[in-house]
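One structure is given here, and the rest of the page talks about it.
Keep in mind it's a predicted model, so treat the numbers as computed, not measured. In what follows, chains are A, B, ... by sequence order, proteins preceding strands, each numbered from 1. Hydrogens, waters and symmetry mates play no part in the numbers below; they use all other heavy atoms, side chains included.
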Number of protein chains: 2
Amino acid sequence: MSDASRMASIAALLGDPARANILSALMDGRALTAKELAFAARVSPQTTSGHLAKLTEAGLLDAARQGRHRYFRLASPLVGQMLEAVMAVAGPDERHGAPWRGGEALRTARTCYDHLAGRLGVGLADTLVARGHVVLGTDGGEVTADGQAFLRDFGADPPAGRRVFCRPCLDWSERRLHLAGRIGAALANRCFALGWLERHRDSRAVRITAEGQAGLVEVFGVRL
Amino acid sequence: MSDASRMASIAALLGDPARANILSALMDGRALTAKELAFAARVSPQTTSGHLAKLTEAGLLDAARQGRHRYFRLASPLVGQMLEAVMAVAGPDERHGAPWRGGEALRTARTCYDHLAGRLGVGLADTLVARGHVVLGTDGGEVTADGQAFLRDFGADPPAGRRVFCRPCLDWSERRLHLAGRIGAALANRCFALGWLERHRDSRAVRITAEGQAGLVEVFGVRL
DNA sequence: CGCACGCTTCGGCCGCCACCGAACCGTGCG
DNA sequence: CGCACGGTTCGGTGGCGGCCGAAGCGTGCG
């Protein structure tokens with residue numbers, strides 16, 4: 001089995017439109033269920049199941065059972081880089097000559113469910129941890145009394161509910177933790193409300209406004 | 001036409017074994033004829049012609065007519081990077097856990113026909129130009145009297161023959177010129193004879209020995 | 001000029017694979 | 001329990017695309 005034929009078998013997996021849709025939907029690092037991916041791929045659940053089996057078999061996806069669901073995510077950053085590289089070649093034809101910038105934008109700042117990820121998300125988490133406002137480990141997290149006060153001052157009121165309050169979330173592009181749970185959502189909501197961040201039209205990438213640049217540096221010491 | 005479907009159509013091109021062989025054969029930056037590529041792909045010339053048409057149509061290859069031959073090469077460094085990224089995902093299964101290093105090795109130093117390319121080839125050319133030993137432009141090259149003497153001292157005797165003496169060759173990975181022609185071959189041969197370089201078993205990548213490291217710095221001021 | 005050669009086009013064959021309907025497990029929930 | 005639901009397996013079908021033989025076109029060389 002030569003280099004070329006191994007490359008071909010991997011590329012053939014990306015070469016099917018349904019599978020390409022699946023991988024594309026996972027490029028922001030989220031973990032989605034088989035059914036959600038079936039919807040994204042625009043094919044039936046049975047067909048999707050076959051595709052997912054092939055992709056995990058080839059090591060492109062990781063699968064995790066949870067209750068009666070099965071969550072799929074990209075198996076490694078290497079896979080994401082490969083997808084970006086193909087996008088970079090496939091992209092330029094569209095608008096004008098600009099290479100595909102989506103990957104860079106996603107790595108800088110994006111939403112992950114209802115909280116923030118990418119360099120921005122990790123940067124915020126780092127600051128809060130460094131200041132002793134938050135304690136964050138791979139298996140859980142906690143907000144200190146100082147942190148509660150700080151976040152209240154900042155205007156980040158966590159929504160009421162039974163969801164876990166403070167939770168770590170593994171960041172795909174940074175390979176480090178960022179802040180999830182109700183407190184992660186509160187932080188993100190406040191940033192949007194302040195006009196610091198703007199949602200992109202049809203991507204999970206997030207644009208940082210001029211006010212955002214200034215505010216993030218002043219309040220969190222985060223400069224991107 | 002979404003990002004994902006454009007990605008799929010590109011990836012589908014890489015996903016066929018014959019086309020993967022073709023692209024793989026071109027990864028060192030050489031330009032090969034349709035027939036040579038047919039041999040590399042292990043399919044008939046007719047079939048190869050179809051594949052080459054698809055690949056050039058998609059912008060992955062550049063074609064140049066020359067006499068009754070047609071030379072194909074990778075259209076851009078972006079394409080090479082994409083191939084490397086796919087190799088990086090496809091490769092690790094093989095030996096042990098090591099990621100695929102072929103791309104980096106090829107960019108550092110490789111043979112291009114019978115002369116040297118990559119950072120090494122470009123570095124040598126730069127030095128010779130900077131010292132006034134060689135004049136090199138996109139449409140031709142010349143060795144000065146000083147250069148003749150220098151190369152004689154170095155032991156690089158150009159083989160006799162009717163081939164052009166000094167010629168530039170566009171380097172794929174560096175996007176700059178390196179030295180080809182009889183003088184380029186002489187330089188490469190001398191480096192191999194001195195034990196500065198060793199050919200890799202089944203790749204055009206070239207290994208620089210310890211003596212080579214020292215000698216290249218001393219004689220050419222080239223450090224990689 | 002004529003043959004050889006490189007490359008391309010056309011036509012038809014064949015195999016592979018994506019796709020879905022139907023039926024089958026297992027989990028969760030009332 | 002029994003139903004609902006997520007996910008998977010199986011079987012059959014259809015279509016796309018790779019493949020080569022044969023024939024066509026242009027270039028180069030004796």
*asked:* Using whole Å, what does the distance between atom C1' of nucleotide D:dG6 and atom CG of A:Leu32 come to?
replied: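 So the two atoms are 15 Å apart, to the nearest Å.
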*B:Ile22 has an atom CD1; how far is it from atom P of D:dG18, in whole Å?*
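Whole-Å distance recorded here is 11 Å.
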By side-chain hydrogen bond (donor to acceptor under 3.5 Å, both in side chains) - contacts of [X] (at least two apart):
| X | answer |
| --- | --- |
| A:Asp157 | none |
| B:Gln148 | none |
| A:Arg207 | A:Glu198 |

Can you name the residues that form a side chain to side chain contact (heavy atoms under 4.5 Å, CB included) with [X], not counting sequence neighbours?
| X | result |
| --- | --- |
| B:Thr56 | B:Leu61, B:Ala63, B:Phe72 |
| A:Arg68 | none |
| B:Ala180 | B:His115, B:Arg167, B:Cys169 |
| B:Ala53 | none |

*Among all residues two or more places apart in sequence or in another chain, which pass the ring-ring contact (aromatic ring centres under 6.0 Å, His included) test with A:Phe165?*
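So A:Phe165 forms no ring-ring contact (aromatic ring centres under 6.0 Å, His included) with any residue.
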Indicate every side-chain donor-acceptor pair of residues 40-51 of chain A with a distance under 3.5 Å to a residue at least two apart or in another chain.
{"from": "A:Ser44", "atom 1": "OG", "to": "A:Gln46", "atom 2": "OE1", "distance (Å)": "3.0"}
{"from": "A:Ser44", "atom 1": "OG", "to": "A:Thr47", "atom 2": "N", "distance (Å)": "3.3"}
{"from": "A:Ser44", "atom 1": "OG", "to": "A:Thr47", "atom 2": "OG1", "distance (Å)": "3.1"}
{"from": "A:Thr48", "atom 1": "OG1", "to": "A:Ser44", "atom 2": "O", "distance (Å)": "2.9"}
{"from": "A:His51", "atom 1": "ND1", "to": "A:Arg19", "atom 2": "NH1", "distance (Å)": "3.1"}

*According to a strict under-4.0 Å criterion, is B:Lys54 in side-chain N/O contact with OP1 or OP2 of D:dG18?*
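Yes, because at least one side-chain N or O of B:Lys54 sits under 4.0 Å from OP1 or OP2 of D:dG18.
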*Least distance between heavy atoms, A:Gly141 atom then A:Leu136 atom*: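 Minimum heavy-atom contact is CA-CD1, 4.0 Å.
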*When you match A:Val43 and A:Gly67 each to their closest nucleotide on DNA chain C, which lands nearer the 5' end?*
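Residue closer to the 5' terminus by nearest nucleotide: A:Val43.
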Detail all sub-3.5 Å separations between protein N/O atoms and N/O atoms belonging to nucleotides 8-12 of chain D.
{"from": "D:dT8", "atom 1": "OP1", "to": "A:Arg70", "atom 2": "NH1", "distance (Å)": "2.2"}
{"from": "D:dT8", "atom 1": "OP2", "to": "A:Ser49", "atom 2": "OG", "distance (Å)": "3.0"}
{"from": "D:dT8", "atom 1": "O5'", "to": "A:Ser49", "atom 2": "OG", "distance (Å)": "3.2"}

_Opening and closing nucleotides of DNA chain C in contact with chain A, under 4.0 Å to non-hydrogen atoms_ =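 Extent of the interface on DNA chain C: C:dA18 to C:dG28.
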_Strand contacts (DNA chain C) in residues 11-21 of chain B, 4.0 angstrom heavy-atom criterion_ =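 The answer is none.
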